[in-house]
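Here is the structure we will look at.
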Amino acid sequence: MIGMILLVISTIMAFSIMVLPGMSRMQTITGVKIVESFTAISAFLISSAFFYLIYAFMQSDLSFLNVALNSHSASEIFYKICGVWGNHEGSMLLWLVLLTIVSTVYVLQRHLPWQTRLGVVRILGSISFCFHLFILLISNPFVQLHQVPIQGMGLNPLLEDPALAIHPPILFTGLALLSVLYASSCERFQRIDRNWAQSIRPWAMACWIFLTLGIALGSWWAYYELGWGGWWFWDPVENLSLLPWLIVTALLHSLIAVEKDAGLRLAAPLLGMLAFLLSLFSLFLVRSGMLTSVHAFALDPYRGGFLGAIFMIYLLYAFRIWMYRARSLTHQPYFLSREAFLFFNLLLLTAIMAMVLVGTVYPILLQQATDHIISVGAPYFNAATFPFLFLMIVLMVATPFVGWHQHSLRKKISYVATSGLFLFVLVSYWKQGWPVIASLFIAAAACLLISTIIDFYERRRQLSLRFLSMGLAHASVAFFIIAAVIDTFEKTETIQAMHQDASIDFQGFNITLIGVQQLRAPYFERETANFSVALQGTTFHLTPEKRYYPLHEMITSETAIHRIGLGDIYAVFGGRGQGDDWIVKLSWHPVIHLLWCAVGLMILAGLLGLRYSLRKLRTMKFIIPLALTFITQAHADDFKDLTTSIYCPSCQGQVLDESSSSLAVEMKQEIYRRLKEGESVNQIREHFVQLHGEKILLKPQWQPYTILLWFAPYLVFALLFLIVLRRMIFFPQQNSVKLKK
Amino acid sequence: MLCIACAVGLILFAFQDSITFFYTPSDLMAKSVDPQQRIRLGGMVENGSISREGIDLHFTVTDFNNSVSVQYQGIAPDLFREGQGVVAEGYLLGPGQFKATTLLAKHDENYMPPELAKIQEGGK
């Protein structure tokens with residue numbers, strides 16, 4: 001009961017946060033304070049609801065349907081708590097908690113102008129409200145059972161794991177931060193400048209860190225839990241979580257260009273919006289049950305419909321904002337300049353994103369539309385993404401050797417290029433068994449390392465935090481690629497049928513099966529195989545096991561892993577074979593720990609970058625919008641008309657309305673003065689044309705080609721959504737969730 | 001524009017070899033499939049059909065109309081057992097003979113891949 005009440009009140013709060021900032025009476029300092037407190041109260045309420053749910057889980061209060069489905073009274077307390085977000089309803093509540101907390105933090109940034117904060121928190125409030133409704137109406141974790149069951153069903157055994165326990169909260173924090181990026185990009189779309197870039201950078205950086213960590217945890221868990229020894233499967237949900245990550249990486253890089261006044265002022269906010277939209281889209285695909293995946297939840301048309309609707313709302317809103325700026329910016333970067341390279345990098349990341357999106361969504365579309373069932377797997381994704389990845393590495397290698405606002409390429413790059421070629425030949429010769437692409441990537445990664453080291457050396461006198469962050473991040477990419485290539489091509493495995501006391505030799509290890517024990521625990525039974533492993537004098541034990549969970553009728557394997565230097569020896573127990581034999585799979589991963597270290601370094605680089613951008617924030621000066629009072633509404637309209645159709649001569653491609661440079665301010669004051677004196681719009685325009693020439697006027701916005709371009713993607717998405725909706729409404733037999741009595 | 005063209009070209013090129021089609025045993029009987037093509041075979045594991053020889057696993061996949069015998073080397077996924085759904089990815093060795101390189105089975109009681117749900121509906 002308490003949970004429901006809290007939820008309802010919080011929904012009302014969220015509604016007011018969405019609506020209040022729009023009211024003119026609220027457009028004051030006190031209005032902002034009211035909105036701030038509402039945001040904080042909403043966060044507090046929904047967090048209380050969440051803690052109440054946790055309490056219900058801890059007490060194993062089986063009157064709640066959610067607790068009954070996902071918890072067992074004999075579970076350890078840690079897993080009882082994790083059960084809260086190990087299911088759909090609980091995880092949505094967690095997401096909402098994080099969203100409201102993030103919104104509160106945002107609105108309390110007192111160094112930002114209150115107008116900005118109000119505009120952004122309004123959008124955040126609307127997102128919060130949509131999800132409040134979703135939870136209240138469709139995915140309510142506080143639904144109660146009339147007949148209280150005797151025992152809960154227990155958490156899905158696959159989820160009983162520390163890494164998997166923190167993976168959702170971290171990923172959801174990243175997603176919550178994505179909504180800030182969206183809201184800020186939408187609010188500021190017309191007036192992107194250095195200030196915006198500097199203020200949004202800490203948020204983008206924090207978001208990136210959480211997303212990287214979340215994805216890495218998921219990968220790491222898959223590696224040690226699933227028994228295949230792989231760390232990336234191009235699983236649909238994995239892919240969908242990668243998409244926002246790619247776009248936020250692109251956003252971070254484009255912010256650099258915006259800060260240096262080197263263009264990308266349209267691309268940056270678009271990326272900010274795109275990242276969030278992708279996460280909404282993934283939420284829709286995953287939670288509606290349309291995906292076949294380890295992550296999939298049960299099919300439910302209401303969930304799918306609601307989430308799909310939320311996605312469409314924010315997609316349409318983003319489009320509407322984008323359409324208002326349907327004109328081209330006049331910034332033309334030089335080809336061999338840093339800003340151009342950043343732009344290419346952005347294009348490549350977006351291309352990779354598009355490839356992965358198409359590969360993930362295509363089977364679903366095809367199946368919904370035609371009944372053909374296909375699967376798109378690693379061969380496609382590898383073929384589609386590797387060329388772009390390679391080009392990106394080339395760009396990263398070359399970037400230290402090009403400059404800002406100029407067309408130049410320093411000669412030192414030839415050293416790097418020749419050493420790269422030399423390495424390529426060397427590696428191809430040494431590792432005859434590897435395909436060309438492997439040696440190619442190793443050579444490229446090595447070039448990247450060399451290039452980063454050269455950059456470090458050149459800047460050794462003035463190493464800044466910013467540069468350290470970048471250098472470390474790029475170096476970690478290089479290490480990651482080297483580790484990934486070596487792991488893919490040098491890992492070995494063998495499957496053996498062994499009886500007790502049998503012994504085999506594998507990769508220099510001598511492995512003996514000592515015995516298999518069977519044990520009973522409160523809600524599972526297990527078979528443990530005990531292996532003794534000897535390697536050049538040292539011995540250790542590997543004890544993989546198989547577990548049987550009667551409540552879920554599920555079997556899981558626990559792998560046994562032992563680290564040797566940078567590598568892992570890995571054993572999976574396959575149960576009984578023929579007769580007295582036991583089946584076991586042993587694998588050797590030579591440099592897997594280099595991979596994890598590389599990811600760790602990447603996150604460290606992110607933290608350094610975050611610290612840098614936060615520090616910079618303190619030295620910023622914000623420009624408050626020009627406050628002019630007009631005598632008549634007609635004047636105000638004319639002013640708006642003029643300032644949106646005349647370019648600022650000293651800014652690149654910004655009209656007067658968007659620019660905050662001193663010349664723009666002067667011109668705006670001039671326009672104001674002339675309007676007051678009674679000059680007509682055309683007269684004022686003529687005046688400026690005489691001063692600066694024809695080029696100061698804006699060309700007409702709408703041309704047939706641009707209209708088509710803007711509407712086409714919208715039509716495609718609408719089509720996708722309609723096909724899916726048709727499936728869900730007219731073919732309901734796929735949509736029942738079966739409960740065990 | 002050029003980038004988009006390249007991207008589209010790359011997608012089409014990558015798609016050619018890398019889409020895996022899904023077949024039920026009846027589909028396999030009805031359509032002819034190139035032995036070189038990697039396909040997915042889905043259905044139920046026939047009761048009493050699982051046998052092991054060393055590390056080789058043999059079983060039969062059925063959709064209650066037709067069956068295909070499958071051979072697989074390795075550890076079967078958790079939840080692989082008789083009377084349950086399975087999706088095997090691999091190559092056709094001959095009529096009614098399939099060599100699996102990967103096996104996918106149900107994940108838990110409430111979750112069933114859409115492909116298998118159809119077969120189960122058809123079988124009941």
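Just so it is clear, the values below take in all heavy atoms, side chains as well, and ignore hydrogens, waters and symmetry mates. The sequence lines fix the lettering, A, B, ..., with proteins before strands; numbering per chain opens at 1.
Thr559(A) is linked by a side chain to side chain donor-acceptor pair (under 3.5 Å) to nothing, counting only residues two or more places apart in sequence or in another chain. In this structure Phe98(B) satisfies the ring-ring contact (aromatic ring centres under 6.0 Å, His included) test with no other residue, sequence neighbours excluded.
With a 4.5 Å cut-off on non-hydrogen atoms, Gln496(A) touches chain B through its backbone but not through its side chain.
The candidate with the highest count of non-hydrogen atom pairs below 4.5 Å against chain B, out of Val584(A), Ile495(A), Asn382(A), is Ile495(A).
Annotation for Asn65(B): atom CG counts as buried by contact number, over 12 foreign heavy atoms lying within 6.0 Å.
Counting heavy atoms from C-beta outward, Asp581(A) and Arg52(B) have side chains that stay 4.5 Å or more apart.
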